[in-house]
Amino acid sequence: MEVQEVERLIKISKDKPLLPETFVPWNIPALPEDEFLPEKLNSLSGLPFYDSLTPTQKTELGRHEVVQVMYSYGWSEALFCLFMNRYILTLQPDNVEYKFLLRELIEEFRHQEMFAQAIAHLNGKPIKPTRLHNFLGQFTVKFMPVDAVFMSCLAVEMMADLYGNHLRKGPRVYPVLKKVAELHNIEEGRHIHFTKAFLRRYTDKAGYVKRSFYSYLVLFNVLFMRTMYVKKEIFGRLGLQNPDQVYKMANQNYKRKFGQECLKTIVQFVDEWGGFNRSTRWAWRLILKANV
């Protein structure tokens, strides 16, 4: 990316800061007809079993699952901040990337605070990452090379951006969550734009093996995050009988939905640098149900 373009992004960040305290209308109460997550994204809608739930259970399912999504993004952003603080130590303060990443750190910390406030606002009780999630997340940001970490974080940012679009456009979504999603989309848009340009210095030179590696890296990061959304504990909280069985149904249903609703821009990104080939395309179809 040209220096002037990065400086333009920095200037926007400084001149037009979006503060969750004033941008999000926290004082608006949720109405009975509001939903917390568009039905097309919750894990049970579309199944015959979903019609057996009461209206309250349907609303509560959306509340618990959107809390889980926001918590997962806040957690992943904290990991990315850990990496960025390590990475900027290799740059000089007058370097334009250094300056942009400082602005990104400021915004990412605000996002974490915003998600935490939104979770508290919804009386949410998020389910913590597993030991495996913690190990893989911390290993990635502490020990993986720079290009691999930026590629991993971009995959998660693009997932967050897609979810934010669904929340913003959902006609019945609770207004507080619409504004949370809008703020996040605006600022993540700058981060995604920068990171895509940053990664071109690697993808433009990548051969078949490296492009395949990057493709699998994106795939497994998407899978990594997806496994944090649908949790068995949620169905127990809804008072459902046989929560283990319901979880299995919901998990399979969500995998199908996720492939249809949440991969479009990620697939386009991977396709831009030739990440789909004989060694990767089958995995995207099998593991993520992606249309590639």
Side-chain angles (χ1 to χ4, degrees), residues 1-20 73-115 136-162 164 183-207 210-211 213-222 224-225 265-266 268-275:
M1 185 185 295
E2 296 291 333
V3 170
Q4 293 86 347
E5 178 65 7
V6 181
E7 289 176 340
R8 184 184 70 84
L9 297 177
I10 294 169
K11 187 174 187 303
I12 294 171
S13 176
K14 289 183 176 182
D15 293 349
K16 299 179 180 179
L18 300 178
L19 304 179
Y73 287 143
W75 177 79
S76 69
E77 287 183 342
L79 284 173
F80 190 32
C81 288
L82 180 63
F83 162 73
M84 283 195 288
N85 274 294
R86 175 169 66 89
Y87 178 65
I88 63 173
L89 292 175
T90 68
L91 305 174
Q92 292 294 327
D94 61 349
N95 182 292
V96 71
E97 287 182 9
Y98 178 96
K99 295 175 182 177
F100 179 84
L101 291 174
L102 279 182
R103 298 306 308 175
E104 183 169 351
L105 276 165
I106 291 167
E107 291 171 351
E108 296 289 18
F109 281 123
R110 285 205 300 253
H111 296 171
Q112 292 168 57
E113 183 181 37
M114 176 178 69
F115 284 138
L136 292 175
Q138 296 204 38
F139 179 86
T140 297
V141 299
K142 289 180 179 178
F143 302 111
M144 292 287 280
V146 168
D147 57 335
V149 181
F150 270 110
M151 187 67 77
S152 298
C153 294
L154 179 59
V156 176
E157 286 179 337
M158 293 179 77
M159 285 181 65
D161 195 57
L162 280 165
L183 186 153
H184 195 246
N185 275 143
I186 291 169
E187 295 189 333
E188 285 299 318
R190 291 197 293 272
H191 305 167
I192 289 170
H193 186 63
F194 170 84
T195 309
K196 281 184 174 181
F198 177 91
L199 284 169
R200 278 200 291 270
R201 69 184 65 169
Y202 298 99
T203 56
D204 286 353
K205 298 183 295 183
K210 197 62 176 284
R211 292 198 307 271
F213 168 71
Y214 287 148
S215 183
Y216 275 108
L217 197 60
V218 174
L219 184 158
F220 284 115
N221 273 278
V222 171
F224 176 84
M225 290 300 293
T265 58
I266 296 171
Q268 289 172 348
F269 167 66
V270 174
D271 196 39
E272 286 172 6
W273 39 265

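Note that this is a predicted model, so its numbers are computed, not measured.
Across R103, E104, H191, a single residue satisfies side chain to side chain donor-acceptor pair (under 3.5 Å) together with S13, and that is R103.
Note that SG of C81 is 15.5 Å distant from OH of Y87, once rounded to the nearest 0.5 Å. A distance of 10.0 Å separates CG in N85 from CG in L101, rounded to the nearest 0.5 Å. In this structure, CZ on F83 lies 12.0 Å from CG on L79, to the nearest 0.5 angstrom. Here the straight-line distance linking atom CG of L217 with atom CE of M151 works out to 7.0 Å at 0.5 Å rounding. Once rounded to the nearest 0.5 Å, the distance linking CD of Q112 with CZ of F80 reads 11.5 Å. Between the CG atom of L91 and the CE atom of M84 there is a distance of 12.0 Å, given to the nearest 0.5 Å.
By the 4.0 Å N-to-carboxylate-O rule, D147 lies close enough to K210 to be salt-bridged with it. Between D204 and R200 there is no salt bridge, since none of the side-chain N atoms of the basic residue sits less than 4.0 Å from a carboxylate O of the acidic one. Ion pairing of E113 with R110 is absent here, as no side-chain N (NZ or NE/NH1/NH2) approaches a carboxylate O to less than 4.0 Å.
The two residues I10 and K99 make their nearest non-hydrogen contact at CD1-CB, 3.7 Å. When all heavy atoms of A155 and N221 are compared, the closest pair comes out as CB-CB, 4.1 Å. Taking each heavy atom of K196 and L154 in turn, the nearest pair found is CG-CD2, 3.9 Å. Here the shortest heavy-atom pairing between N185 and A160 reads ND2-O, 4.4 Å. Of all heavy-atom pairs spanning A206 and Y214, the tightest one is CB-CE1, 4.2 Å. Among all heavy-atom pairs drawn from S215 and G275, the shortest one is OG-O, 2.8 Å.
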Legend entry - CA sep, side-chain torsions, deciding dist, call: I266, F269, side chain to side chain contact (heavy atoms under 4.5 Å, CB included): CA-CA 5 Å; I266 296 171; F269 167 66; 5.6 Å; no
Inset, instruction - For side chain to side chain contact (heavy atoms under 4.5 Å, CB included), just list the numbers for E2 and R8, CA-CA rounded to whole Å, side-chain angles, deciding distance to a tenth of an Å, and then say yes or no. - result: CA-CA 10 Å; E2 296 291 333; R8 184 184 70 84; over 6 Å; no
Inset, instruction - Carefully, step by step, assess I186 and L18 under the rule side chain to side chain contact (heavy atoms under 4.5 Å, CB included). - result: CA-CA 9 Å; I186 291 169; L18 300 178; 3.7 Å; yes
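E188 has its side chain within reach of E108: a pair of non-hydrogen atoms, C-beta onward, lies under 4.5 Å apart. Contact check for M225 versus S76: side-chain heavy atoms found under the 4.5 Å cut-off. At a threshold of 4.5 Å between non-hydrogen side-chain atoms, the residues I88 and L105 count as touching.
Between Y73 and H111, the ring centre distance reaches or exceeds 6.0 Å.
In this structure, R201 is positioned above the aromatic face of F198, its NZ or CZ under 6.0 Å from the six-membered ring centre and within 45° of the axis.
Within a 6.0 Å sphere centred on CD of Q4, heavy atoms belonging to other residues, nucleotides or ligands number more than 12. Within a 6.0 Å radius of CD in Q268, other residues, nucleotides and ligands contribute more than 12 heavy atoms.
When atom types are taken as modelled, the side chain of T140 and the backbone of L136 share a donor-acceptor pair closer than 3.5 angstrom.
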